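These values consider heavy atoms only, across backbone and side chains, with no hydrogens, waters or symmetry-generated copies. By convention in this document, chain letters (A, B, ...) are assigned in the order of the sequence lines, proteins followed by strands, and residues within each chain are numbered from 1. Worth saying up front: this structure is predicted, and the values here are computed from it rather than measured.
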Amino acid sequence: MKQVFGRTESLKDTAFHYCPGCGHSIIHRLVAETIDELNIKEKVIGVPPAGCAVLAYNYFDIDMGEAPHGRGAAVATGLKRSLPDRVVFTYQGDGDIAAIGTAETIHAANRGEKITAIFVNNGVYGMTGGQMAPTTIVGQISTTTPGGRNPDRDGIPIDLSEMLALANGSVYIERTSVDSPKNIIKTKKAIKKAFQVQMAGLGFSLVEILSPCPTNLKMSPVQASEWVSSTMTTQFPLKVIKDEAGNLGAAPPSE
Amino acid sequence: MATKSKRGFIKIAAELCKGCYLCESVCPFNLISVSEKLNQKGYHPAVYDEEGIGIEKHKCKGCALCALVCPDIAIEVYRE
Amino acid sequence: MLLRGSHVIGEAAMRAGCRFYFGYPITPQNELTEYMANGMAALPDGVFIQAESELAAINMVLGVSMTGKRAMTSSSSPGISLKQEGISFLAAQELPAVIVNTMRGGPGLGNIAPAQGDYLQATRGGGHGDYRTIVLAPGTGQELAELTRKAFEYADRYRIPVIILGDGMMGQMMEPVEFPEPIDPASLPLKPWVLDGAKGRPSRILKSLILDTSAMEEHNWKLYRKYQIIGDEIPEVERFLTDDAQLVLLAYGTASRIAKGAIKRVREMGLKVGLLRPKTLWPFPKKSLLEMSRRVSDFLVFEMNTGQMLEDVKLSLEGRRRVHFYGRPGGIISTPDEIAKVINNIYFKEGLESEE
C-alpha cells in the first residue's frame, strides 16, 4: 500500500486553529498543495489578511508578510515590483478584499499587477463574531443584520469578482467553492491556473472561493456546506468570470 | 474476467479531528462513523475501521473523498 | 546645482539608492512626486507608481521594505494622516521607510500655505500604538540633501520609519546644493530579515500581530530600548549666535529661517540673542537644550502653530528656565521684523539687557 494523500510540504506540521468544518483550512491546503506542485515553495511570498486567516503564517511554511486590513493588494504590489521573479499572492476574506480593501484591489487589478488574490468569500465577518459582510446575501441574518440583510438599508451583496473582470489588467478570475469534493478539486485547479497566469507574467489573477463558516451561520459543518451549495451559489454563481490566459501550456515552467 | 477494483484504507488522526463529520457525509460506502470516545480537544472524532474484516468484505478503495473534504488534514489515504 | 527644495529631496533620495517611490497627488508637494516620476523613469531599476490613495502608497512602501530595498513616499498633512495606519505597521514590524511630510495649514483640509501643525503627530508616533518615528527637520537646501541621505541611513540602521518634516516654503525655495555621491543600491549591505522566498533557509514571517500579552509587552519594551539608543545617538542641532546670548530662540525648518532674520536685526540693535535649531525633532535634542540652559535664563519658542514643540522644550527644562512662546498657525508666515519685535518685548520685559 502506498500513501496517496497526506500533508503537503509547504504546510507546517501544525494543527489548524479554525472551527470545525471551516473552509479556510481546506483552502490553505489547496494553496499549499499548488505551491508544491508548481515547485515554487522557495520563490513564493504570501500576504495574509486580517480576520480568521490572520494566523495563516502559522500554517504555511513559506515567506509571509502581514498587511494592514484591506491593504493586501498594495503590499503585494510592493513585494512584486521589488522582486518580479517571485510569486506573490494575497489571501483575503470578503471584508478584507471587498469592503475595506476595495480600492487597493481594483487598482491593483487595473494596473495588471502580476499578483494572485485568493479571495475567501464566506458571507460573514468571522473573526469579529458574525457581522454583516459586503457579501452577506439578502435576508441572511448576522449580528448586525438581526432581521436579515435588508437591501433598502444595507444594499445588496457586492459582486467584486465581476467588477474586477471589467478591469483591463485582470487576466483570470474564477469563482469556485469548497462545498463538495468535486468543487474542491475544481478550486485547486483554479488556484493553480491563477498562479500560472502570474508566473507567465500575464497580469492580475483571482480565485473567489465560496467557503462555509458553520460557527457564524449557526449550522453544523455539513449543513453549512449544503447552505453554500444551495443558497450562496444562487447569489454567487460558480463560473469562470474572465479568462484571457490563452494557452498556458506554453507558459514556462517554474525552475 | 472483471478487473478487480483497487483496495485502500485510511488513517484518521483522532487528535487532529474536530468532529465536523464532512468525511462521514461524503464516504460512498458509509465507512466512517463517530467515535464514542472524546479526543483531547473535546470532540468525538470520526473513526474508520476495516481491519481484519477480510478481503471479501473490505470496501474502502482509497478514493480520498474523505481526505479531500477534511479541513484538518486528519486523514491519510493509502491505496494498493 | 540650483534646485527647488522638493526636487532636492527627490534627487537626494535617488542618490541614496532609493529605487521605489509611491505617491498620491496633494498640494503643496506635487513637485516631489513629479520629480520622482521623471527620475525613476530615467533609472533602469526605478519604480514609480502613482497610487490610488495615500493608504495604498504607504502600503506599497511596506511591501518593498519587506524585501529590504529602499523605498519612499511623500504627502502633505491630510495625506500623512491617511498614511498613519501604514506607519504604525512599519514601526511595529520594524521596517525601514522614508516618508516626506510637506506640511500645510490645518486641521481638516486647511489650506496649502506653510505651517507646522503636524509636529506632535510626527514626534509622538502619529498612528495607533506605543511607537516613535525619527523626525528630521531640514532648514536649508543643502540640509534637505544631507538629511534625506541620513533619513535612509537611519531607517536601515534602526529599522524604523523616518519622517522628513518640511513645508511648502521649504519645498519651493531655490538654493544651491551640493549632493553626495550616488549610492548603487546593489552595494548596500544585505539585510538578514527580508522576505524573498525561503530558498535554502527556514521560512520567515514579518508581522505585528502578537496575541500573547507578555510577548506584546516585550515587543513594546524592545522598541522602547531601541528608541532610547536612537535618543542617545542621533540628536542634532545648529547653534546660531548662541555663545553670548541672553535669550535663545528655538525654531526649526521655515520658522528657523525667519528667526535667523529676526536675530540679525536685533543683533544690529545690540541685543544678545541666538538660535538653537533642532535638526532632529524626534529624538528631541534635550541634552543640547539643557546644556544651553546652564547659562541662558530665557528661551523663546517660535513655531508656525499654537505651541507644539513648546511642549518638548518645557518638558526638557522642567520649569528651571523661563520659556516664552510666539506662534502663528494656519499658514501665516511671520516676517523677521514681526519676530524681532517679539524678541525686543521679551528682552526688555525680562530685563535681560541689565544682566550683561
- Query: Is there side-chain contact between C/Glu52 and A/Glu104, with at least one heavy-atom pair below 4.5 Å?
  - Reply: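 In short, these two side chains touch, coming nearer than 4.5 Å.
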
- A/Met64 side chain near C/Ser203 side chain, heavy-atom distance below 4.5 Å: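 Result no, sub-4.5 Å side-chain heavy-atom pair not found.
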
[X] atom [atom1], over 12 foreign heavy atoms within 6.0 Å:
X        : atom1 : value
C/Ile112 : CD1   : no
C/Lys191 : NZ    : yes
C/Trp193 : CH2   : yes
A/Phe195 : CZ    : yes
A/Ile156 : CD1   : no
A/Asn168 : CG    : no

- Write out, in numerical order, the residues from residues 71-83 of chain A with a heavy atom short of 4.5 Å from a heavy atom in chain C. A/Arg71, A/Ala74, A/Val75, A/Thr77, A/Gly78, A/Leu79, A/Arg81, A/Ser82, A/Leu83

- Message: Report, in residue-number order, which members of residues 107-120 of chain A are under 4.5 Å from chain C by heavy-atom distance.
- Response: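 At a heavy-atom separation under 4.5 Å, chain C is reached by A/His107, A/Arg111, A/Glu113.
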
Non-hydrogen atoms of chain A under 4.5 Å away: do they reach the side chain of [X], the backbone, both or neither?
X        : value
C/Val61  : neither
C/Ile58  : neither
C/Arg19  : neither
C/Lys207 : both

- Ranking C/Leu209, C/Val194, C/Leu62, C/Val47 by heavy-atom pairs under 4.5 Å to chain A gives rank one to C/Leu209

- Comparing C/Ser208, C/Ser53, C/Ala56 against chain A, the one with the most heavy-atom pairs below 4.5 Å turns out to be C/Ser208

- Part of A/Leu55 within contact of chain C (heavy atom distance under 4.5 Å):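 Just its side chain gets close to chain C.
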
- Query: Is chain C contacted by the side chain of A/Ile62, its backbone, both, or neither, given a heavy-atom distance below 4.5 Å?
  - Reply: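 The backbone, not the side chain.
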
- Query: Does a salt bridge link C/Lys199 with A/Asp63, judged by any charged N lying under 4.0 Å from a carboxylate O?
  - Reply: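 Between A/Asp63 and C/Lys199 there is no salt bridge, as every charged N stays at least 4.0 Å from the carboxylate O atoms.
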
- Query: Would you say the side-chain atoms of C/Gln93 pair up with the backbone N or O of A/Glu66, donor to acceptor, closer than 3.5 Å?
  - Reply: yes

